[in-house]
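Note that ligands are numbered from 1 as they come in the structure, with each ligand's atoms numbered from 1 the same way. Numbering starts at 1 and runs along the sequence shown.
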Amino acid sequence: MGKEIFTIQLGKCGIQTGHEFWKIISGEHFINPEGKIFFKKKKNLIENKEIFFSETSKGTFLPRTFLFDLEPRILFGIINGNYQNFYEKKNILFSKQSAGNNWAIGYYKSIEFQSEIEEILRKNLENCDNLGCFNIFHSIAGGTGSGTGSYLMEIIREEFSKKIINCYSIIPNRIGASDTVIQPYNSILSFRWLTLFADCVTFFENSALEKIISSLNPNIKPDSKEINYLISKIISISSENIRFSENFKNSWENQFSSLIPTPKLHFFSAGISNLKFFNKKKKNSPMDLLHQVFDNKTTSFSFSEGKLISSLLFSQNQSKYFNEPNILKKLHEEKKIAYTSWGSVPVNIFNLPSSTLNDSTKKELCFYNHTNIKKFFSKNKEQYDIFRKKNAFLNNYLKNFPSNDGIELFTDAKESVENLIEEYEVAETSKFF
Ligand SMILES: Nc1nc2c(ncn2[C@@H]2O[C@H](COP(=O)(O)OP(=O)(O)OP(=O)(O)O)[C@@H](O)[C@H]2O)c(=O)[nH]1
Ligand SMILES: [Mg+2]
């Protein structure tokens with residue numbers, strides 16, 4: 001079996017998207033909300049459910065996950081429903097009041113839970129043969145997702161320095177929805193922590209996800225349920241190869257390390273083809289699927305500016321691409337995709353186990369490491385600059401820092417984002433290596 005993966009679900013968004021993810025993968029492993037296997041294993045099905053689930057002494061399989069929120073409401077909604085026996089109670093932690101969309105409250109309030117958090121992480125680690133990676137689900141706009149998320153990355157780096165920190169970071173920008181007003185403060189601080197402590201980060205922009213869902217089926221009016229399903233489906237597909245393979249070398253890090261040329265450039269977007277959940281009727285040729293993978297992206301980055309550093313394609317047509325390598329080249333030409341001059345292989349292809357899952361839809365999924373992601377950091381930095389210039393909501397924010405180091409932290413975070421943008425700019429030139 002490959003290395004185990006331990007999940008961390010933080011704040012409302014992290015808990016809800018993570019819950020959707022667990023629903024999808026538990027279904028694929030025939031595990032019911034009680035943790036019991038409800039279907040006899042298909043013949044010849046190779047399954048590594050222990051990577052994500054731990055087997056209890058009663059023979060049930062429960063998610064290897066830690067749920068944390070500074071307010072109990074969302075957690076109670078999940079653990080008092082059908083899934084009350086699904087999550088281990090000892091892996092759930094909450095306090096009484098939310099962080100009010102404030103990074104500083106999220107970060108500093110979490111310090112009060114340091115020993116409990118460390119104990120939970122250590123116990124879960126002891127329950128693994130060889131834990132490889134921490135998967136963090138969170139939003140970088142709310143206080144718990146951004147602040148506690150930052151704090152947890154620091155703890156993991158300090159206590160379990162060799163383990164990979166892989167973040168699924170959700171960015172609001174919902175069309176027509178009012179979002180947290182101090183989001184630029186939360187995001188700029190989160191970016192600093194994600195740059196310094198995470199090994200890789202996949203961004204999901206709610207507005208981009210809404211567009212994908214509408215393009216797959218114009219009759220659907222996307223809400224959180226559909227958006228969370230899409231995020232979770234992307235993450236679950238990217239783990240199929242690990243969960244359903246006899247090749248234990250298919251570890252998460254083996255797949256994703258090919259995307260990261262230097263440690264700092266570790267921010268990805270994903271692209272997804274049509275999914276049966278959104279459009280049951282649509283039949284797609286392999287070429288249609290590929291087009292969709294390039295068009296349906298989880299962030300608003302554009303191929304028309306900047307350069308592709310690397311990409312990772314999960315496909316049921318791997319052999320086709322090996323036999324006809326020009327397919328991808330042609331498509332890249334058609335889409336005018338430019339590569340960095342120093343990168344090695346612009347597309348790495350991994351096979352998806354096609355026949356194993358309940359979901360028989362043909363699908364493709366791609367992760368992109370593209371320099372145009374810098375636009376996203378620039379946009380957030382500009383928003384932050386506007387706020388800072390006017391000192392908008394600043395005192396309200398700073399009063400939640402325990403000492404006077406709030407301003408210093410902001411200066412540091414801004415500098416770190418500027419350096420990151422510069423790194424992507426240099427990566428577009430041949431001077432990079
Ligand atoms: N895709 C998606 N986005 C969500 C969901 N819940 C919240 N969000 C987005 O995340 C942002 C706020 O994050 P929350 O997760 O509610 O905040 P939190 O981490 O609980 O932090 P506090 O409530 O401030 O303690 C909002 O602006 C929403 O746009 C969800 O279930 N799915
Ligand atoms: Mg909350």
Worksheet item: Going by distance only, is there an N or O of Gln16 that falls short of 3.5 Å from an N or O of ligand 1?
Response: yes

Practice prompt. Please determine if Thr17 has a nitrogen or oxygen closer than 3.5 Å to a nitrogen or oxygen of ligand 1.
Written response: no

Worksheet item: Taking the six-membered ring for Trp, are Phe267 and Phe301 ring centroids under 6.0 Å apart?
Response: no

Worksheet entry | Phe68/Phe113 aromatic ring centres below 6.0 Å | yes

Worksheet item: Are Gly106 and ligand 1 in contact, using a heavy-atom cut-off of under 4.0 Å?
Response: no

Discussion item. Polar contacts were defined as any N/O atom of the residue lying under 3.5 Å from an N/O atom of the ligand; does this apply to Ile170 and ligand 1?
Written reply: no

Practice prompt. Give the atoms of ligand 1, by number and element, whose distance to some non-hydrogen atom of Ser139 is under 4.0 Å.
Written response: 10 (O), 11 (C), 12 (C), 13 (O)

Worksheet item: When you look at CD of Gln114, are more than 12 heavy atoms from neighbouring residues, nucleotides or ligands closer to it than 6.0 Å?
Response: yes

Worksheet item: Which atoms of ligand 1 are found less than 4.0 Å from any heavy atom of Asn206?
Response: 1 (N), 2 (C), 3 (N), 29 (O)

Fill in: Close side-chain approach of Glu20 and Ile231, heavy atoms under 4.5 Å
no

Practice prompt. Would you check if the distance from the ring center of Phe6 to the ring center of Phe66 is below 6.0 Å?
Written response: no

Worksheet item: Going by distance only, is there an N or O of Asn101 that falls short of 3.5 Å from an N or O of ligand 1?
Response: yes

Worksheet item: Near Gly143, which atoms of ligand 1 are under 4.0 Å from a heavy atom of that residue?
Response: 21 (O), 22 (P), 24 (O)

Worksheet item: ligand 1 versus Lys12, non-hydrogen atoms closer than 4.0 Å: side chain, backbone, both, neither?
Response: both

Practice prompt. Under 4.0 Å, heavy atoms only, figure out whether ligand 1 is touched by the backbone of Ala99, its side chain, both or neither.
Written response: both

Discussion item. Between Tyr339 and His332, is the ring centroid distance below 6.0 Å?
Written reply: yes

Worksheet, complete the sentence: Logged contact type for Leu70 with ligand 1, heavy-atom cut-off 4.0 Å, is neither

Discussion item. I'd like to check whether Ile227 has a polar contact with ligand 1, where a contact means an N/O of the residue lying under 3.5 Å from an N/O of the ligand.
Written reply: no

Worksheet item: Quick one: does Asn228 get an N or O within less than 3.5 Å of an N or O on ligand 1?
Response: yes

Worksheet entry | Tyr185 and Asn101 side chains, donor-acceptor separation under 3.5 Å | no

Discussion item. Going by side-chain hydrogen bond (donor to acceptor under 3.5 Å, both in side chains), name the residues that satisfy it together with Thr148, two or more places apart in sequence or in a different chain.
Written reply: Ser110

Discussion item. For the aromatic rings, using the six-membered ring if either is Trp, is the centroid distance between Phe61 and His29 under 6.0 Å?
Written reply: no

